[in-house]
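Data first, discussion second: the structure below is written as structure tokens.
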Amino acid sequence: MRVIICENYDEMSKEGAKIVASQITLKPDSILGLATGSTPIGLYKNLIELNKNKEIDFSCVKSFNLDEYYPISRENDQSYFYFMNDNLFNHVNIDKNNTHVPNGETKNAEEECKNYDKMIDKAGGIDLQILGIGQNGHIAFNEPDKNLITGTHVTSLTQNTIEANSRFFNDISEVPTKALTMGIGSIMKAKKIIILINGENKHAALKELLNENITTDIPATLLKVHPDVVLICDKAAYYGK
Ligand code: GLP
């Protein structure tokens with residue numbers, strides 16, 4: 001795993017955007033794996049700017065998001081569907097038909113998950129996956145557990161994640177307790193991965209990525225066996241102060 005330590009959040013976001021921009025330049029029809037949460041917002045802002053300045057072109061890009069709350073309406077401003085439109089898709093020249101977020105409105109979650117993996121495979125697999133990390137080491141919504149699931153699946157959120165994500169909702173009781181998420185296998189199939197980590201509160205999780213151990217109690221540690229991962233972090237996350 002290659003580690004890039006940045007001065008602060010802005011620098012981290014720029015570094016991340018540079019890698020995404022190179023990917024799109026080298027392969028204009030790239031398949032991007034996209035993440036939500038507060039972490040990638042700065043990276044998305046940089047991509048919007050680069051697109052405005054005609055430095056990158058999203059017209060042939062396809063995207064697959066990692067996860068979505070379940071159940072949730074796509075109109076709910078806390079849905080990841082809404083988030084992606086609001087923070088990226090509405091502001092760049094991507095064809096919305098080429099963007100995919102697991103459908104939190106589905107009546108048949110199992111079917112939705114199976115189809116999601118099939119769609120990714122059919123598109124040719126993810127070229128570059130962008131990841132954030134939960135304070136408890138989760139990636140997408142793969143929460144710490146004895147067993148982790150390979151493909152896209154329905155999962156229950158841990159109390160830690162519900163509490164961490166409640167900051168975006170009016171009240172903690174509004175946070176959905178389930179989600180649809182790509183599995184560890186779906187993520188590991190990506191050809192390249194960048195994981196962004198900022199802030200002191202992610203220091204403990206980041207440290208676990210830098211030691212030699214792999215454990216399903218910290219799902220992100222599985223990334224250590226992937227051949228092409230770049231960890232981009234700020235000093236606060238790296239040094240814990
Ligand atoms: C959520 C998402 C993850 C994200 C994580 C961290 O639960 N499912 O994909 O990486 O939280 O979020 P934040 O970037 O807001 O800290």
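Note that this is a predicted model, so its numbers are computed, not measured. Both counts, for ligands and for their atoms, begin at 1 and track the order of listing.
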Review point. Side chain of Lys202, backbone of Ile133: donor and acceptor closer than 3.5 Å?
Key: yes
Exercise for review: Find the distance between CG (Asn142) and CG (Asp67) and round it off to the nearest 0.5 Å.
Suggested key: 8.5 Å
Exercise for review: Could you name the protein residues that come within less than 4.0 Å of ligand 1, counting only heavy atoms, and order them by chain and residue number?
Suggested key: Gly37, Ser38, Thr39, Asp67, Tyr80, Gly132, Ile133, His138, Ala140, Phe141, Asn165, Arg167, Lys202
Revision key, fill the gap. Given the options Leu157, Asp145, Thr161, His138 meets side-chain contact (heavy atoms from CB on, under 4.5 Å) only with Thr161
Check your understanding: Between Phe83 and Tyr44, how do the two ring planes meet: parallel, tilted or perpendicular, split at 30° and 60°?
Key -> perpendicular
Review point. Side chains of Asn103 and Glu68: donor-acceptor distance under 3.5 Å anywhere?
Key: no
Review point. For the residue pair Phe169 and Tyr69, does the interplanar ring angle fall in the parallel (under 30°), tilted (30 to 60°) or perpendicular (over 60°) class?
Key: perpendicular
